Amino acid sequence: MAAHSAVLSVSRIINPIWGRHLGNTVKVFGTTLTSHRNKTLHVPPPAKYGGRHTVTLIPGDGIGPELLSHVVEVFRFSCVPVDFEVVHVNSALEAEDDIDNAITAIRRNGVALKGNIETKHTMPPSMKSRNNLLRTSLDLYANVMHCQSLPGVQTRHRNIDIMIIRENTEGEYSSLEHESVSGVVECLKIITRSNSLRIAEYAFQLAREKGRRRVTAVHKANIMKLGDGLFLQCCREVASGYPDITFDSMIVDNTTMQLVSKPQQFDVMVMPNLYGNVVSNVCAGLVGGPGLVPGANYGRDYAVFETATRNTGKSVAGKNIANPTAMLLASCMMLDHLKLYNYANLIRNAVLTTMNETRLHTADLGGQGTTSEVVQSIMRIIQSKGQLTADI
Amino acid sequence: MAAGSVWRSLVRGKCSGTSRGTDSGSVWVQMQTVTLIPGDGIGPEISAAVVKIFDAAKAPVQWEERNVTAIKGPGGKWMIPADAKESMDRSKIGLKGPLKTPIAAGHPSMNLLLRKTFDLYANVRPCVSIEGYRTPYTDVDLVTIRENTEGEYSGIEHVIVDGVVQSIKLITEDASRRIAEYAFEYARNNQRSSVTAVHKANIMRMSDGLFLRKCREVAENFKDVKFTEMYLDTVCLNMVQDPTQFDVLVMPNLYGDILSDLCAGLIGGLGVTPSGNIGANGVAIFESVHGTAPDIAGLDLANPTALLLSGVMMLRHMGLHQYAAKIQTACFDTIKEKKVLTKDLGGNSKCSEFTTEICRRVQDLA
């Protein structure tokens with residue numbers, strides 16, 4: 001990798017134009033090289049000035065803007081020392097300037113809270129998914145989601161407590177496609193040893209930290225022998241270094257079947273990108289829907305928080321019926337990341353009290369409450385705790 | 001008198017196979033040949049059970065039993081035995097039990113071999129909640145149609161550099177059009193109101209985009225069937241919350257594999273799920289998708305429901321709807337009664353007892 005940066009710098013001296021071209025070629029080979037290029041840069045200091053953190057806020061489309069405005073409202077009310085730098089991304093434009101600005105802002109601040117950016121798949125294939133671009137550019141390699149049954153929510157299955165760790169940058173989401181012959185399209189799924197080891201290491205570390213007993217790797221190695229076989233092998237290698245944690249594996253179709261019949265058997269699950277998409281959505285559905293579960297994307301240097309199932313929610317946008325729980329819990333995860341634990345617990349308890357005790361539910365949970373009513377209830381509970389609050 | 005009755009039976013024999021309700025043996029219907037592949041493990045006993053039940057229902061089916069253990073043909077290529085292939089090509093309809101997946105036999109899986117030999121491009125799994133076999137999900141009534149030849153299961157993988165592997169997902173125009181056409185025709189023939197294409201075109205713009213375009217084009221010719229498109233993750237999310245919103249789902253290979261097993265889980269697992277594979281040239285092989293269960297093979301403990309329901313699907317495919325309805329009702333009633341159930345359904349009866357009970361009901365319904 002030192003050789004690569006040496007080549008780049010030499011080429012920049014010789015001919016500035018060629019240097020740029022070479023840089024683009026390097027990008028084509030995938031994210032591993034980009035991340036190695038980043039390793040030579042030093043880790044930026046946290047964006048904390050005068051005791052206040054600065055966090056990038058990307059409203060996105062659909063219900064993103066309204067839910068994030070509620071988050072800002074609750075933060076302001078609870079006097080949380082966080083300032084938001086809002087960056088808008090217009091999903092309709094083909095130029096990548098918007099998303100580049102957002103990425104730069106996240107690099108500057110280190111932490112972001114975002115809504116989902118819509119991907120119109122009628123656009124040409126050269127226009128990549130903005131969300132995916134964000135994840136790969138910042139090398140947010142681990143997507144973590146914690147699905148827990150909530151006592152106040154009626155679901156078919158009880159006592160679910162699953163942590164899902166999903167590889168977030170490669171696999172089927174490499175966006176490498178080409179039409180070799182007219183009418184025949186090839187799409188490449190890339191699995192690398194380094195990324196698989198990295199995500200497996202992350203999963204086992206997290207399991208140990210949270211006191212979890214079992215890690216299950218989800219794969220389809222009976223069919224994709226080389227690709228998923230490599231992933232499974234890496235997981236096994238990492239597992240041997242954690243003898244206190246049980247490791248097993250399960251094929252993805254059997255996993256989904258088990259999830260809908262006996263989800264209580266799962267503890268921590270680790271998997272490549274696409275299966276992660278399927279399994280995380282199944283689990284979110286099992287505990288009550290997309291409005292309840294927060295998600296986090298962690299990289300080495302950056303962290304971006306959003307709802308776990310990444311929906312734009314166009315059908316409920318602007319109607320004041322969306323469930324703010326997922327976004328508020330994601331913001332609490334962000335506060336934990338910023339080490340503002342007291343504020344995180346304050347807001348999280350208020351949200352869960354509204355959910356489980358007051359039982360004020362929005363339409364997606366079968367209730368009658370509006371988004372604003374739920375947020376008002378949360379703020380009232382925060383005020384009742386006696387902490388310093390601004391005026392409503 | 002004797003000559004007269006012979007003349008009458010000859011005349012009736014010339015009529016094409018029509019099924020009358022009361023089948024007391026006085027109407028001679030045309031027998032159709034079906035290739036039966038018992039399979040391994042519990043395969044032979046559940047196939048025998050199905051044959052017995054079909055017999056009791058007097059279904060006009062003539063069974064031809066064949067073995068499909070792979071043999072090495074001329075040129076070193078693995079293929080299924082010639083008599084099996086000949087029988088299938090002639091009868092066009094097959095019923096298959098579970099096949100053992102060989103580990104060190106040197107030849108590919110039998111299912112893969114069958115799929116390639118007969119170009120079985122569509123895998124159809126109707127998932128209907130079984131009254132009497134309770135799961136957390138009631139009122140499930142959907143059909144998953146999965147493209148079975150290409151997609152992520154093309155088996156094309158390379159090690160690019162040490163530590164970097166690429167798997168190729170292949171989507172072609174022809175295969176996508178073929179599966180979309182089958183899905184819409186199935187919807188039309190079975191009175192289903194809508195077809196939903198499941199995809200991930202926001203990420204895999206070109207491949208799933210091609211699949212989606214073909215589905216849209218085919219939908220234009222089937223205006224009587226409603227066509228919608230939905231992302232794979234949204235389908236998964238909504239499926240576990242409210243499966244009643246789905247009707248017919250059509251999708252490429254990998255998503256189909258995951259979703260069809262998800263739906264099987266909703267109704268109770270692979271032990272009660274029927275499945276059919278449709279091929280080019282009118283070939284159709286119906287099968288049970290569970291394993292060979294070698295631990296209970298030969299002990300009369302197996303549950304023949306999956307193979308039986310696949311047989312029912314087969315009868316519907318052949319146009320013998322009344323026989324299909326009779327056998328299905330008998331099977332569901334037996335399960336609903338809960339008096340005679342095999343171990344996996346929650347009872348402690350033997351396979352033979354379960355079979356006899358269904359036969360009795362079928363005869364009562366005649």
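Within every chain, numbering begins at 1; the chains are lettered A, B, ... in the order of the sequence lines, protein sequences first and strands thereafter. Here the structure is a predicted model, which means the values were calculated and not measured.
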In terms of heavy-atom pairs under 4.5 Å with chain A, which of [options] leads?
options	value
B:D162, B:D208, B:T172	B:T172
B:M206, B:R213, B:E173	B:M206
B:G163, B:A264, B:G265	B:G163

*Name all residues meeting the ring pair (Phe, Tyr, Trp, His ring centres under 6.0 Å) criterion together with B:F227; count only those two or more places apart in sequence or in a different chain, and write none if there are none.*
B:F184
So which part of [X] gets closer than 4.5 Å to some heavy atom of chain A, the side chain, the backbone, both or neither?
X	result
B:S167	both
B:L254	side chain
B:F211	neither
B:H199	side chain
B:I171	both
B:E152	both

_By the definition side-chain contact (heavy atoms from CB on, under 4.5 Å), identify the one residue from B:L270, B:L262, B:T273 that meets it with A:M257._
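Going through B:L270, B:L262, B:T273 one by one, the side-chain contact (heavy atoms from CB on, under 4.5 Å) with A:M257 is satisfied by B:L270 alone.
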*Identified side-chain contact (heavy atoms from CB on, under 4.5 Å) counterpart of B:I258 within the set A:V278, A:I251, A:V282*: A:V278
Which atom pair, heavy atoms only, marks the closest approach of [X] to [Y]?
X	Y	result
B:R205	A:P124	NH1-O, 3.1 Å
A:A284	B:L237	CB-CD1, 3.9 Å
B:E157	A:L226	OE1-N, 3.0 Å

*Can you tell me if CG on B:N221 sees more than 12 non-hydrogen neighbours from other groups inside 6.0 Å?*
yes
*For B:R134, look at atom CZ and say whether over 12 heavy atoms of other residues, nucleotides or ligands are found less than 6.0 Å away.*
no
Could you measure the distance from the [atom1] atom of [X] to the [atom2] atom of [Y]? Nearest 0.5 Å is fine.
X	Y	atom1	atom2	answer
A:T255	B:D261	OG1	CG	10.0 Å
B:L266	A:S261	CG	OG	9.0 Å
B:I203	A:S129	CD1	OG	4.0 Å
B:Q166	A:T192	CD	OG1	12.5 Å
A:T256	B:L259	OG1	CG	8.0 Å
B:K169	A:E177	NZ	CD	7.5 Å

Contact class of [X] relative to chain B, heavy atoms under 4.5 angstrom:
X	result
A:L230	side chain
A:L274	side chain
A:E172	both
A:Y275	side chain
A:H178	backbone
A:N311	side chain

*Considering only heavy atoms from C-beta outward, does the side chain of A:N281 approach that of B:Y231 to under 4.5 Å?*
no
*asked:* Taking the side chain as everything from C-beta on, heavy atoms only, tell me whether A:V185 gets closer than 4.5 Å to B:L170.
replied: no
Does [X] reach the main-chain N or O of [Y] with its side chain, forming a donor-acceptor pair under 3.5 Å?
X	Y	result
A:R156	B:T135	no
B:Q241	A:L286	no
A:R193	B:V165	no

*With a 4.5 Å cut-off on heavy-atom pairs, point out which of A:I190, A:I191, A:T309 contacts chain B the most.*
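With the most close heavy-atom pairs to chain B, the winner is A:I191.
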*asked:* Heavy-atom pairs under 4.5 Å with chain B - which of A:E179, A:H157, A:K128 has more of them than the others?
replied: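 Looking at each of A:E179, A:H157, A:K128 in turn, A:H157 comes out on top.
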*Output all residues satisfying side chain to side chain donor-acceptor pair (under 3.5 Å) with B:D233, sequence neighbours left out; order by chain, then residue number.*
A:N277, B:K200
